[in-house]
Trainee: 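Quick one: structure below, then a few questions.
Side chains are part of it too, since the values below use all heavy atoms of this structure and drop only hydrogens, waters and symmetry mates.
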There are 2 protein chains.
Amino acid sequence: MGTPSARDKNCPPTATGTSVPYFPLESRHLQVRYALKESGNVNPDPFSRNCGSRKVIDRIGDRWSVLVVLTLADGEKRYGELAERIDGISQKMLTQTLRGLERDGIVTRTVHASVPPRVDYALTDLGRSLLDLVAGLEEWATRHLAEVEAAQARYDAR
Amino acid sequence: MGTPSARDKNCPPTATGTSVPYFPLESRHLQVRYALKESGNVNPDPFSRNCGSRKVIDRIGDRWSVLVVLTLADGEKRYGELAERIDGISQKMLTQTLRGLERDGIVTRTVHASVPPRVDYALTDLGRSLLDLVAGLEEWATRHLAEVEAAQARYDAR
DNA sequence: CGGTATCCGAACTGATACTG
DNA sequence: CAGTATCAGTTCGGATACCG
């Protein structure tokens, strides 16, 4: 299967025009294709499952992660505070999102052995570095919102 | 329903600790809740459907948009080229994604009246401004990939 | 308070077949 | 070539009920 580092190298650094490296999805189908490639049984279009872009996009991909990170921007928060601030999120999704972020090392989860229980969530250093980018996205959105809406109106009119 | 601009103001500029403005989803349920609030029949937690962050997150939210924008980084590309480069995307998803990006004014679609037909896609100025951010995300991903994977390994071990 | 477990409809996604 | 239409499998997401 070649060296893993070599495969990772196939992943485009910053979208320069290299060839066919993206592997964004985790569907069964693609996993199968990947497995086949790994075993060398299929036509050779090299693409890496470990592609960095896939990782972020998976995490950014779900609607809530970004919001959670953004909400933690001004410091540690309790589960309940997060639930309250991120309007529209369900308990299930909040928990699920927090677990994912925790797994990725983006937030920490601190349980205080008190009664009633108290659980605090905070960004890690890694999380804060991601926050910079995510905040940029939000800023972009607010800055260009009017433009986007104008474009949509134009498109819909036609 | 109050002035729309006032509602938009409720949307947090850059995740400073204001209160409960996010409305990321477009589910029927939430639309109903929003409609209820609009008519003033429900408890008052002000949040804006036009929240800028919702807009971007919706667009960034699906896995493919980011990849398409990234792939268009080095210039105009044909439909087929995109399909080839973005490995794993189906025709349906590619078309759907491109339509969405076109609607938002992020890409242009140029049909050449030739036979066989030829359709070129390119980033608009708006698209290029978004590219900057998206490229940053990709860079972040590649830079911190090892960290994320280490965190995941640690989490899974436990 | 801060979750977990289950259920179920909605939405997403891809494969396939067909068209201008 | 660049789509559109249709259909089936999977996942997503919320409501509800319950637990430590």
Side-chain angles (χ1 to χ4, degrees), chain A residues 22-34 54 57-68 76-103 107-122, chain B residues 22-34 36 54 57-68 76-102 107-122:
Chain A
Y22 298 118
F23 186 58
L25 237 45
E26 203 143 31
S27 74
R28 237 147 327 287
H29 172 64
L30 291 175
Q31 297 236 353
V32 167
R33 285 180 59 185
Y34 180 72
R54 185 175 89 65
I57 290 156
D58 277 2
R59 178 104 337 267
I60 299 306
D62 71 284
R63 294 170 153 89
W64 301 116
S65 293
V66 173
L67 268 342
V68 169
E76 184 175 68
K77 290 206 172 22
R78 299 182 59 169
Y79 181 89
E81 291 183 87
L82 290 171
E84 187 187 357
R85 261 144 174 255
I86 306 172
D87 194 39
I89 198 171
S90 65
Q91 243 185 1
K92 175 182 172 179
M93 282 304 106
L94 179 54
T95 300
Q96 190 172 301
T97 303
L98 286 168
R99 291 289 177 278
L101 292 171
E102 188 193 356
R103 192 176 104 97
V107 307
T108 55
R109 176 174 184 270
T110 331
V111 183
H112 300 277
S114 60
V115 49
R118 172 197 180 96
V119 181
D120 287 325
Y121 292 91
Chain B
Y22 299 118
F23 186 57
L25 238 43
E26 203 142 29
S27 75
R28 236 148 327 287
H29 172 64
L30 290 176
Q31 297 236 355
V32 166
R33 285 181 59 185
Y34 180 71
L36 287 172
R54 186 177 88 65
I57 291 156
D58 277 2
R59 178 107 332 271
I60 299 307
D62 71 284
R63 295 171 152 86
W64 302 116
S65 293
V66 173
L67 267 344
V68 169
E76 184 175 67
K77 290 209 172 19
R78 301 182 59 170
Y79 181 88
E81 290 182 89
L82 290 171
E84 187 187 357
R85 261 145 173 253
I86 305 171
D87 195 38
I89 198 171
S90 66
Q91 248 185 355
K92 176 181 171 180
M93 281 305 105
L94 178 54
T95 300
Q96 190 172 300
T97 303
L98 286 169
R99 291 288 177 279
L101 292 171
E102 188 193 356
V107 307
T108 56
R109 176 172 183 269
T110 331
V111 183
H112 300 277
S114 61
V115 47
R118 173 195 179 97
V119 181
D120 286 326
Y121 292 91

Trainee: Closest to the B:Thr95 side chain: C:dG2, D:dC1, D:dG3?
Mentor: D:dG3

Trainee: Consider the side chain of A:Tyr121, meaning its heavy atoms from C-beta on, and name the nucleotide among C:dG20, C:dG14, C:dG3 that approaches it most closely.
Mentor: C:dG3

Trainee: Among the nucleotides D:dA2, D:dG13, C:dT13, which one has an atom lying closest to any side-chain atom of B:Lys92?
Mentor: C:dT13

Trainee: Can you tell me how far the CD1 atom of A:Ile89 sits from the OG1 atom of A:Thr95, to the nearest 0.5 Å?
Mentor: 8.5 Å

Trainee: Using atom CH2 of A:Trp64 as one end and atom P of D:dG13 as the other, report the distance to the nearest whole Å.
Mentor: 8 Å

Trainee: Quick one: on DNA chain D, does A:Gln96 or A:Pro117 contact a more 5' nucleotide (nearest heavy atom)?
Mentor: A:Gln96

Trainee: If I take atom CZ in residue B:Arg118 and atom C1' in nucleotide D:dA2, what distance separates them, rounded to the nearest angstrom?
Mentor: 12 Å

Trainee: Given atom CG of B:Asp120 and atom P of D:dA2, what is their separation to the nearest angstrom?
Mentor: 8 Å

Trainee: Select one nucleotide: of C:dG3, C:dC1, C:dT13, the one nearest the side-chain heavy atoms of A:Pro116.
Mentor: C:dC1

Trainee: Among the nucleotides D:dG3, D:dG13, C:dG14, which one has an atom lying closest to any side-chain atom of B:Tyr79?
Mentor: D:dG3

Trainee: Between A:Asp120 and A:Arg118, does at least one N-O distance fall below 4.0 Å, as a salt bridge requires?
Mentor: yes

Trainee: So, taking the atom named CG in B:Leu94 and the one named OH in B:Tyr79, what distance separates them when rounded to the nearest 0.5 Å?
Mentor: 4.5 Å

Trainee: Check this one for me: any side-chain N or O of B:Arg78 less than 4.0 Å away from OP1 or OP2 of D:dA2?
Mentor: yes

Trainee: Does the side chain of A:Arg99 get closer than 4.0 angstrom to OP1 or OP2 of C:dG2 through an N or O atom?
Mentor: no

Trainee: Just how far, in rounded Å, is C1' of C:dG14 from CD1 of B:Ile86?
Mentor: 16 Å

Trainee: With a 4.0 Å cut-off on heavy atoms, is A:Gln91 in touch with a base, just the backbone sugar-phosphate, or nothing at all?
Mentor: base

Trainee: Nearest whole Å is fine: how far is D:dC12 C1' from A:Leu94 CG?
Mentor: 16 Å

Trainee: How long is the line joining CG of B:Leu98 and P of D:dC1, in whole Å?
Mentor: 17 Å

Trainee: Whole angstroms only, please: what is the CD-P distance between B:Glu84 and D:dG3?
Mentor: 16 Å

Trainee: Ignoring hydrogens and angles, tell me if any N or O in the side chain of A:Ser114 forms a donor-acceptor pair with the backbone of A:Pro117 under 3.5 Å.
Mentor: no

Trainee: Rounding to a whole Å, what distance do you find between A:Lys77:NZ and C:dC1:P?
Mentor: 18 Å

Trainee: Under 3.5 Å, is there a donor-acceptor pair linking the side chains of B:Tyr121 and B:Thr110?
Mentor: no

